[in-house]
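For the single chain, residues carry numbers from 1 onward in sequence order. What you see below is based on every heavy atom in this structure, not just the backbone, and it leaves out hydrogens, waters and symmetry mates. For ligands, and for the atoms within them, numbers begin at 1 and follow the listed sequence. The shown structure was predicted, so the numbers you read here are calculated from the model rather than taken from an experiment.
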Amino acid sequence: MLIKRKDNFSTKLIHAREPEKKPENALNNPIFMTSTFTFDSLEAAEAAFEFETDDYVYTRGNNPTLKILEDKMAEIENGAAGVAFSSGMGSISATLLSLLKPGDKIVAHQILYGSSYKLIKEWLRDYDIDGSLVDFNDFNKLIEAIDENTKVLYLETPANPTLEVIDIEKIAELARENDCKLVVDNTFASPYLQNPLDHGANIVVHSATKYLGGHGDLVGGVVVADSKDYAMNLKFNYLTELGSVMSPFNAWLILRGIKTLKLRMEAAQTNAQKIVDFLQAHDRVKSVNYPGLESDKAANIVKRQMVGPGAMLSFELDESVNKIREFVNSLKYFKLAVSLGDIESLIEYPFFMTHRDYDEKRLYELGISKYLLRISAGLEDTNVLIADIENNLQKL
Ligand SMILES: Cc1ncc(COP(=O)(O)O)c(C=O)c1O
């Protein structure tokens, strides 16, 4: 399944919000590796401090390379403005701190990336902010969890590592009715496959470390909001003070990665679909999680909300834990690693890696068993990837 986008997305990825004329007529943007900017006069400095001019002051507040990335992200997420951060967690923590005050409550979907889970469930508690985790696919439970103190609803879709899909439109409606902001982590889908703001979300957060950068060579984060005022408040009252600013060099690498996002996503998705077909037909595979399956309970939501199901999948092996450990250790092309969205195919064992701090009983309730492996399909030849899985399953 890959619905063709009708908005000339490749052209947007390459050309949107690029400066019309670059220094020295360069095709590509220079990297402004400078901590501070100089002024011709004190009057010019005063005007910049008063936001009367767009002159740059200091890279923790603003920088021309970061600005191109922020503008391009706003364009490709159909938002009002973007803000770049030093990491995905930098963007998520600053966003939540900007929206929540002591006494407030955040309600999040029960399956979250580990550090987001810890931030919401444990860390915010120390600041008297109640973090409640419920199943967003159980609408009655979600309605029950929202009270007059709830200011934020937070979700990832598809979720990590079960690839569960949440109906953004439905949750956005609930957020509006309850005067809450809906924040969606769009890392797994990327802006090519899904634009949460189009479905009513207020704020999108990204780990740009993943598909946006795309080459596993940087850590970065980006927020895109539906309101320019909110984004400016986040940038100049939270990013600037909390300080998790992105390096201009990383912004330049992400801008380079974004140009090939569509090509990379489509190629990785094709590999993922072929791997899913192979796994589904294999007798040692107990179950496969992939939003592209017709049997997926969210298949209709996927069709409405996503351009394609993406390149992340997970599956359970019908083998002992020792055999599964052997399998993971013997793969040649699926590198054992926690990240995703890279050129290289990656495999991850959530129970023993990313989710090892969770309560075991809870993991089972969430469908994250000792037998579950997660794959981020890369761009290698499909036959090589499938042969790697097939040969190493055969050896067990
Ligand atoms: C869904 C999701 N959100 C956020 C993050 C955090 O991003 P970063 O590692 O760039 O801080 C990750 C990292 O793996 C992730 O998978």
Parallel, tilted or perpendicular: ring planes of W252 versus F249, cut at 30 and 60 degrees: parallel

Subset of ligand 1 atoms that lie under 4.0 Å from at least one heavy atom of M89: 6 (C), 7 (O), 8 (P), 11 (O)

K210 touching ligand 1 at heavy-atom level, < 4.0 angstrom: yes

Expected output: side-chain R284 to main-chain E319 donor-acceptor under 3.5 Å: no

Residue part near ligand 1, for V205, under 4.0 Å between non-hydrogen atoms: neither

T240 side-chain N/O to K235 backbone N/O, donor-acceptor pair under 3.5 Å: yes

Parallel, tilted or perpendicular, as decided by the 30° and 60° cut-offs, for the rings of F236 and F51: perpendicular

From the candidates G220, S376, S207, the one that places a heavy atom nearest atom 7 (O) of ligand 1: S207

Short N or O distance, N160 and ligand 1, threshold 3.5 Å exclusive: no

The one among D185, L112, V219 that brings a heavy atom closest to atom 1 (C) of ligand 1: D185

Option set G341, S86, G88, criterion heavy-atom distance to atom 8 (P) of ligand 1, minimum: G88

Side-chain hydrophobic cluster, 4.5 Å single linkage: members besides L155: V107, V134, F136, F139, L142, I143, I146, L153, I166, I168, I171, L174, L182, V184

Check: S116 N/O within less than 3.5 Å of ligand 1 N/O: no

For I92, atoms of ligand 1 separated by under 4.0 Å from a heavy atom: 4 (C)

